[in-house]
Each structure stands twice: as structure tokens, then as C-alpha cells.
Amino acid sequence: MTTKTMNLVEALAHERDHGVLIWLFNIGAEQVWHPSPRKGGMVDRDEQQVVNRMEEMNLLLCRSQDVIVLREKPDEAFLDMLQRLGFSLPRIEVPEPSDPLTPISELVLADKALLARLRAVAEAGHSSGGAKAWLVPYAVTPQEEAIAEYCGLELIGAPSSVSAQVNDKIFSRLTAQKLGFAVSEGAVCEDEAAIRRECVRLAELADGPVKLIIKQPHGASGQGMYMLDELSKLDTLLSVMRRFGGSSPSSGGWLVERWHNKQMDLNYQLCIDESGGVTMFSLKRQNVDGTVYIGSQVPADIGAELEEEVRRCAYQLGTYLYSIGYTGMASIDGFVDEDGLLVPVIEINGRFTLSTYISFLSSVLGEQHKTLSRYYRNVTASPLTYSRLCELLAEEGLLYTPERPQGVFVYTAGTLSDIPVKRGYVNRIFTLILADNWQEAEACAHKLEGIIAGLACS
């Protein structure tokens, strides 16, 4: 197994006939890097089945010669929509037996016939002197390294040990400080006593009401983050943290930081190649509900001066990550605070994020659009199919089609659940809103929210 990185940005944006990419959406890598006994018994199985089907958004990046491994064949109506819009469909492989909850890489490693087919893809390129085959996972853990080793595939991404190191919020803060970037007022705390001291210190510095965030070093999608708006609530909060996330040095410590009333949240993507070349791409303004990502705005439209400052920081960060052995994709979160100060790094994701998968739309849909992404969690009384959702959008004149290239594109189908649970059918609806200007995009988003709200009663 080798760990080399082709330039994914070029392969996805311009050189779309270059190489063969084998895609694997192994969401949940944090639990492999940093196992937590507490999380094992707390998984919401109904939600996790839907989360695992987010793998379909990977189809937005695929080329016709690629291979994608999915735990289930996508809805034909969804595949038809992708083709109508100009996306290339890859060869789809499904592990046997499949399972809605087992991590996808475990399913692949257990399916010797599938491993043999993936090995044949690699051997075909080597024997003919033709296009190499590369394994492109959401994240690199020992499981994906084992798949690449067994199949003779090149692996895009850093070694799992380096990826685990980078996917640590304490590492993110210390790296930002090392590089001289602005950071939030706060500190790394090894135990509860240190957390208490830092919370009191930050409260004394505050001009008005205190608002702090306490972060566990590992976790995704807002997990392991706790808001504190009154010091009198600290004992209760520490009790919750102790129960669900651990608050001892064995958990890796905690971050305590001042919460900012931000002007904007930002995300940018880095591609670091094996020679140390750093490419920043897909700068987005993020829509965040507290600590949870709910969508993006592309282009970011933040002004040339601020964008240049972000690019400078991005290159400096990418060069540093390369110096510690990191290559491949990284997704970085930052923000502009209430005073206009750029805080370029609050979290380094040494892996893909949901934002990465919508970073190359212009190569298919064109660059003339203003694009909003919106994510909704929804529970319906009856099953919601992809076809039905598209019909509802079409009835309101909102559906994006080749004939009407503005409106709403629903870019996953498997996250629309057909499995009933006690509270109904759990859905996660991922949408892109494309329009000629931001006013039209926001108007479309408002109409979409009305449709989504109506679904809860259907």
C-alpha cells in the first residue's frame, strides 16, 4: 500500500478523464480514531441509518470511469435526476451482505468478492500501463489502509495516525497559535478544576453577559460542544459533560473559549499534494445553528481583501500540515468576529466534510449561479420518497431541471427514510438552491422552508 496524493482538485474540476477513483464514504471515522465507550450505548439507531445514507452525496464528485461503494443501490429516480442534470454515474458496488448500521469499511473488508473486484480495477491499470486506481475515502483510518493494502490501490490521504492527530480541536488551536493566527480568548484545560478557573477568568473579562463554549477535542457535527451562558450553570454542565463525554485528562482535555457574535462563519477546503503543493478551493460562507452546520453560500462574496487574507492563512496552514506528514483533503472552519477580525482556524478536519461534496458543482452545473445549500431534519407521518419530494417542488415551480436551471435540487435520496419508527419516518433533506442572484435564492429558500414545514404534517 502506498500513500500518494494525486491532485484531486484538478481531477474533479478539469482533468475529469484522469485516473480511476474508488470512492468510500466512511462517515463516523472519529469513533475509529478516538473510541469512546460512552458513545457505544448512546447511538440512536434510527438516526444512524439515515446518517449512513448520506454516502449518496459522494455521487456529486464521481466521474464515469470511477467506482463508488455504497451500502445500498440508490433510488432510480435520483440516479435519473443526476444524469439529466449532467452528472456522470460511476460503477456502483454494494457489499454483500450489507447492513444499514455496520460501518461501510467493515462491510467492504468482510466481502472478499468485492475486494477481489476492487483489486482487479487496480491490476487493470498496472498491467496496461494505463490509469492508476486511487482509493478516496471520506477519512483515513486503519480500515481504509487495510482495504488499499489488500487491493493494491493508491490511497489518497495522510496515514491514519496523522489524520487522527489533525482531527483534534486542541491540535487546531495550538496550530493556529503556532502560526501566529488570531484565536478566541480561552485555554486548553486538562481537568474540571482548570475548566472552572478558565470559565471564571473569561467571565471576569466579559463586558456583558457571559457566553462561553466548552469543547471536547474529538467529535463531529456539533457533538462534544457545550454552551455556557451563566456561571451558575457550570456545575450542572460539568455533570452532563462527565456523563456523556468525560471531563478527565484521559479524555484528552477540553477547550474553553469565549463565544463570539460572529459577522460570518467561513469554510475553505485544502488539497495538499505529495510534493507539498497547497491548493485552496471552495471558500464558502457557512450557515450554522449554534455549533451545527446547516448549509453554505457559494460564492462567499466576502470581498477581495478578506479573501486574500484567508488564502494567505490557508497556504501557511497547508504548508505546516505537510511538514508534519499530512497530505490529501482538509476542510477548515474559521470566522470573522464582531469587530471584523479574521479567526482563520477554529477547526481543522483532516478529512472530507459535507461541505467538500458540494465543492465542484460548477464543473457540471456551470459557474453562473448563486448557490445556497440547506439541510433539514424532518419527521413525517408517512414515507417520503425522492419522486414525491421532487413532485412537490415542481408543483410550486421550485424544482431545478435542465429546462429550468434555477430552483431546488435535492442531492440525496437515501436519507429519505422508508423505515417507520415510533415517532414517524426520520428524514434528512439535503438541498441546493441555485438562482441568478441572492435575492431570488433567498426567496426560493423561504418557499422551500414552507414546503418542508408542511411535510411534518403529511
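Atom CD1 of residue Ile156 and atom SG of residue Cys271 lie 8.0 Å apart, to the nearest 0.5 angstrom. Atom CG of Leu238 and atom CD1 of Ile195 lie 5.5 Å apart (nearest 0.5 Å). Note that CG of Leu384 is 11.5 Å distant from OH of Tyr425, once rounded to the nearest 0.5 Å. Atom-to-atom distance recorded for Ile104:CD1 and Asp99:CG is 10.0 Å, nearest 0.5 angstrom. The distance from atom CG of Leu228 to atom CG of Leu234, rounded to the nearest 0.5 Å, is 5.5 Å. The line from CG of Asn378 to CZ of Arg428 is 12.0 Å long, rounded to the nearest 0.5 Å.
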For residues 392-401, which side-chain donor-acceptor pairs fall under 3.5 Å, sequence neighbours excluded?
unit_1, atom_1, unit_2, atom_2, d
Thr401, OG1, Glu403, N, 3.4
Thr401, OG1, Glu403, OE1, 3.4
Thr401, OG1, Arg404, N, 2.9

Show which side-chain atoms of residues 441-450 pair as donor or acceptor with protein atoms under 3.5 Å away, not counting sequence neighbours.
none

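Listed for the Arg173 side chain is a donor-acceptor partner under 3.5 Å among the backbone atoms of Gly186. Counting only distance, with no hydrogens or angles, the side chain of Asn349 and the backbone of Ser331 share a donor-acceptor pair below 3.5 Å. The main-chain N or O of Leu24 is never found under 3.5 Å from a side-chain atom of Glu55 such that the two would form a donor-acceptor pair. Side chain of Glu56 to backbone of Gly414: a donor-acceptor contact under 3.5 angstrom is found. Remark: the backbone N or O of Phe360 is not paired with any side-chain donor or acceptor of Tyr357 at under 3.5 angstrom.
Listed here is the closest heavy atom pair of Leu231 and Ala203: CD1-CB, 3.5 Å. Heavy-atom minimum distance, Leu432 versus Ser373: CD2-CB, 3.8 Å. Of all heavy-atom pairs spanning Val140 and Trp33, the tightest one is O-NE1, 2.9 Å. Across all non-hydrogen atoms, the minimal contact from Leu59 to Pro74 is CD1-CG, 4.2 Å. The two residues Gln48 and Leu101 have their closest heavy-atom pair at CB-CD2, 3.8 Å. Between Ala133 and Val121, the closest heavy-atom pair is CB-CG1, 3.9 Å.
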(message) Before you tell me yes or no, could you show the steps for Ser160 and Glu145 under side chain to side chain donor-acceptor pair (under 3.5 Å), namely the whole-Å CA-CA distance, both residues' side-chain angles and the distance that decides it to 0.1 Å?
(response) CA-CA 8 Å; Ser160 59; Glu145 289 175 324; 2.9 Å; yes
(request) Please report the C-alpha distance between Thr356 and Gln269 in whole Å, then the side-chain angles of each, then the deciding distance to 0.1 Å, and finally whether the side chain to side chain donor-acceptor pair (under 3.5 Å) criterion is met. (result) CA-CA 7 Å; Thr356 315; Gln269 308 285 312; 2.7 Å; yes
(request) Verify side chain to side chain donor-acceptor pair (under 3.5 Å) between Asn427 and Thr380, making sure each step is shown before the conclusion. (result) CA-CA 8 Å; Asn427 306 283; Thr380 56; 3.3 Å; yes
(request) Under the ring pair (Phe, Tyr, Trp, His ring centres under 6.0 Å) rule, what do Phe25 and Phe352 come out as? Steps first, then yes or no, please. (result) CA-CA 9 Å; Phe25 189 89; Phe352 284 54; 8.8 Å; no
(message) Does Leu455 form a side chain to side chain contact (heavy atoms under 4.5 Å, CB included) with Tyr376? I'd like the steps, not just the answer.
(response) CA-CA 11 Å; Leu455 290 173; Tyr376 304 91; over 6 Å; no
(request) Would you please test Gln297 and Trp438 for side chain to side chain contact (heavy atoms under 4.5 Å, CB included) and show each step? (result) CA-CA 9 Å; Gln297 171 185 315; Trp438 291 125; 3.1 Å; yes
(message) Applying side chain to side chain contact (heavy atoms under 4.5 Å, CB included) to Leu317 and Tyr268, what does each step give before you reach the verdict?
(response) CA-CA 12 Å; Leu317 173 61; Tyr268 52 96; 4.2 Å; yes
(message) If you apply the rule side chain to side chain donor-acceptor pair (under 3.5 Å), what do you find for Gln406 with His369, and how did you get there?
(response) CA-CA 8 Å; Gln406 56 182 346; His369 296 103; over 6 Å; no
(request) Might you work through the side chain to side chain contact (heavy atoms under 4.5 Å, CB included) test for Met241 and Trp254, ending with a clear yes or no? (result) CA-CA 10 Å; Met241 289 163 50; Trp254 292 79; 3.8 Å; yes
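Counting heavy atoms from C-beta outward, Leu202 and Val210 have side chains that stay 4.5 Å or more apart. When side chains are defined from C-beta on, Ile452 does not count as touching Arg374, because their heavy atoms never get closer than 4.5 Å. Here the side chains of Phe181 and Val343 are not in contact, with every heavy-atom distance at 4.5 Å or above. Annotation: side chain of Ile27 is in contact with side chain of Asn52 (closest heavy-atom distance under 4.5 Å). Residues Asp301 and Arg285 have side chains not in contact (no heavy-atom distance under 4.5 Å, counting atoms from C-beta outward).
Looking only at atom types and distance, the side chain of Glu144 has a donor-acceptor partner in the side chain of Ser105 under 3.5 Å away.
Using a 4.0 Å cut-off between a side-chain N of Lys or Arg and a carboxylate O of Asp or Glu, Lys169 and Glu30 do not qualify as a salt bridge. Look at Glu307 and Arg311 and you find a salt bridge, because one of the NZ, NE, NH1 or NH2 atoms lies within 4.0 Å of a carboxylate O, short of that distance.
Atom CD of Gln439 has 12 or fewer heavy atoms from other residues, nucleotides or ligands within 6.0 Å.
Relative ring orientation between His218 and His34 is described as parallel, the plane-to-plane angle staying below 30° on a 0-90° scale split at 30° and 60°.
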